Undergrad: 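Structure provided below as structure tokens; questions to follow.
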Protein chains: 2
Amino acid sequence: MTDTRDLFSQHNLRCTAQRLALYETLAERHDHPTAEELYRIAKSRTEKLSLATVYNTLDALCMVGLVRKLPTTNGSCRYDADTSIHPHIRYRDTDEIEDVPEKLGAKLLELVPDEMIEQIESELNIHVTGMNFQIIAQRH
Amino acid sequence: MTDTRDLFSQHNLRCTAQRLALYETLAERHDHPTAEELYRIAKSRTEKLSLATVYNTLDALCMVGLVRKLPTTNGSCRYDADTSIHPHIRYRDTDEIEDVPEKLGAKLLELVPDEMIEQIESELNIHVTGMNFQIIAQRH
DNA sequence: GTACGTGCAAAATGTTTGCATCATT
DNA sequence: AATGATGCAAACATTTTGCACGTAC
């Protein structure tokens, strides 16, 4: 798949083995690994890789908008290669984040917050304890 | 205001000068300070206070549901004494978080995500670059 | 009086930085 | 050839921990 190389070129990013491996690893997943997790997973794909490069790369990818950094409450951020607006489930105990299954996720975007909670609880086998929604903005 | 003492007692929390000062300081604010910020602000109210106590207290208050820990992307969490579901604005550059003004906030809870963004941009003088919404859940 | 909270200093965790080396363009 | 990326180690920031002492109940 030479697709990623095109994508990188369009954003003036050099196509290094490390960056390709990192982006492709991230894009495959529907959970949202931390930098450390991504490092371990991607390391099996590319011979040489350091944690510093993981941070550098994720930062570069965020800058051009190919990756989104997801906030957590435990100090270790998580990353998502799907930059569209879509709902996440964050587990209270571990701070793990995962996508709402695609079909349900699309449905939620048509609902108001209270209805979302109802839907989630009735469709998935989880107990919703809260909801955090942040509008990300730029002052001007 | 001896109200806070009642609130604490109801949750089996001891009423120490430090805890009272911290909770009351936090409850007054519509921005959402980090532990460090809260430490500096509350320190003027109570003679003795350490940063470790700020962390211990915030943790205790979160446990009983009197405070909510807000996720950020820069490694330093923020705290909110309003535990109801309500929208926040997070600024991209600084990771500062603030409440959407009350009236607009209530209105947003009646809208679907796309409409929320429209409303925010037309009512406030900011540029929305994204939206992050997390359903907080507990596995079972 | 006992159980719990506080404060200090030290440790742990996650992330960033400086710089010499290496690879992509 | 030049510009930018990598990797190492050290620095940094935030949060957690262990423990002696103090305070609320």
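Quick caveat: nothing in here was measured; it's all calculated off a predicted structure.
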Undergrad: Quick one, give me the B/S/- string for nucleotides 17-25 of chain C, reading 5' to 3', where B means a protein heavy atom under 4.0 Å from the base and S means that only happens at the primed atoms, P, OP1 or OP2.
TA: B-----BBS
Undergrad: Do the charged groups of A/Glu37 and A/Lys43 touch, with an N to O distance under 4.0 Å?
TA: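 Salt bridge: no.
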Undergrad: For B/Glu115, enumerate each residue passing the side chain to side chain contact (heavy atoms under 4.5 Å, CB included) test, keeping only those at least two apart in sequence or located in another chain.
TA: B/Leu111, B/Val112
Undergrad: A/Ile97 and side chain to side chain contact (heavy atoms under 4.5 Å, CB included): which partner among A/Thr34, A/Leu70, A/Ile89?
TA: A/Leu70
Undergrad: Classify the side-chain pair A/Gln18/A/Thr53 by whether it contains a donor and acceptor separated by less than 3.5 Å.
TA: no
Undergrad: Output every pair passing salt bridge (charged side-chain N to carboxylate O under 4.0 Å, His left out) with a member in residues 130-139 of chain B, not counting sequence neighbours, ordered by first then second residue.
TA: A/Glu96-B/Arg139
Undergrad: So, A/Thr4 versus A/Glu24: side-chain donor-acceptor pair below 3.5 Å or not?
TA: yes
Undergrad: Enumerate the residue pairs fulfilling ring-ring contact (aromatic ring centres under 6.0 Å, His included) with a member in residues 26-80 of chain B, sequence neighbours excluded, ordered by first and then second residue.
TA: B/His32-B/His88
Undergrad: Taking the nucleotide of DNA chain D with the closest heavy atom to each, which residue, B/Leu51 or A/Arg19, is nearer the 5' end?
TA: A/Arg19
Undergrad: Closest nucleotide of DNA chain C for A/Ser76 versus for B/Lys48: which of these residues is on the 5' side?
TA: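 Looking at DNA chain C, the more 5' nearest nucleotide goes with B/Lys48.
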Undergrad: Test of understanding: with salt bridge (Lys or Arg N to Asp or Glu O under 4.0 Å), list the residues that count as partners of A/Glu36, not counting sequence neighbours.
TA: A/Arg40
Undergrad: For B/Arg29, enumerate each residue passing the salt bridge (Lys or Arg N to Asp or Glu O under 4.0 Å) test, keeping only those at least two apart in sequence or located in another chain.
TA: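 If we apply the salt bridge (Lys or Arg N to Asp or Glu O under 4.0 Å) test to B/Arg29, skipping adjacent residues, the hits are B/Asp31.
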Undergrad: For the pair B/Glu118 and B/Lys107, find out whether any cationic side-chain nitrogen is under 4.0 Å from an anionic carboxylate oxygen.
TA: no
Undergrad: Heavy atoms of chain B, cut-off under 4.0 Å: which first and last nucleotide of DNA chain D, 5' to 3', fall inside that, if you could look?
TA: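 Going 5' to 3' along DNA chain D, contacts run D/dT14 to D/dC25.
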Undergrad: Would you write the dot-bracket representation of DNA chain D, where each base gets (, ), [, ], | or . depending on whether it forms a Watson-Crick or G-U pair under 3.5 Å and with which partner?
TA: |||||||||||||||||||||||||
Undergrad: Among residues at least two apart in sequence or on other chains, which ones pass side-chain hydrogen bond (donor to acceptor under 3.5 Å, both in side chains) with B/Thr57?
TA: none
Undergrad: List the residues meeting salt bridge (Lys or Arg N to Asp or Glu O under 4.0 Å) with A/Glu102, not counting sequence neighbours, and say none if there are none.
TA: none
Undergrad: Can you tell me how far P of C/dG5 sits from CG of B/Leu49, to the nearest Å?
TA: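 Spelled out: CG on B/Leu49 to P on C/dG5 is 15 Å.
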Undergrad: Which residues within residues 29-39 of chain A lie with some heavy atom under 4.0 Å of an atom in DNA chain C?
TA: none
Undergrad: Can you list everything that forms a salt bridge (Lys or Arg N to Asp or Glu O under 4.0 Å) with A/Asp95? Sequence neighbours excluded, please.
TA: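 Testing A/Asp95 for salt bridge (Lys or Arg N to Asp or Glu O under 4.0 Å), a comparison that skips the adjacent residues, returns A/Arg90.
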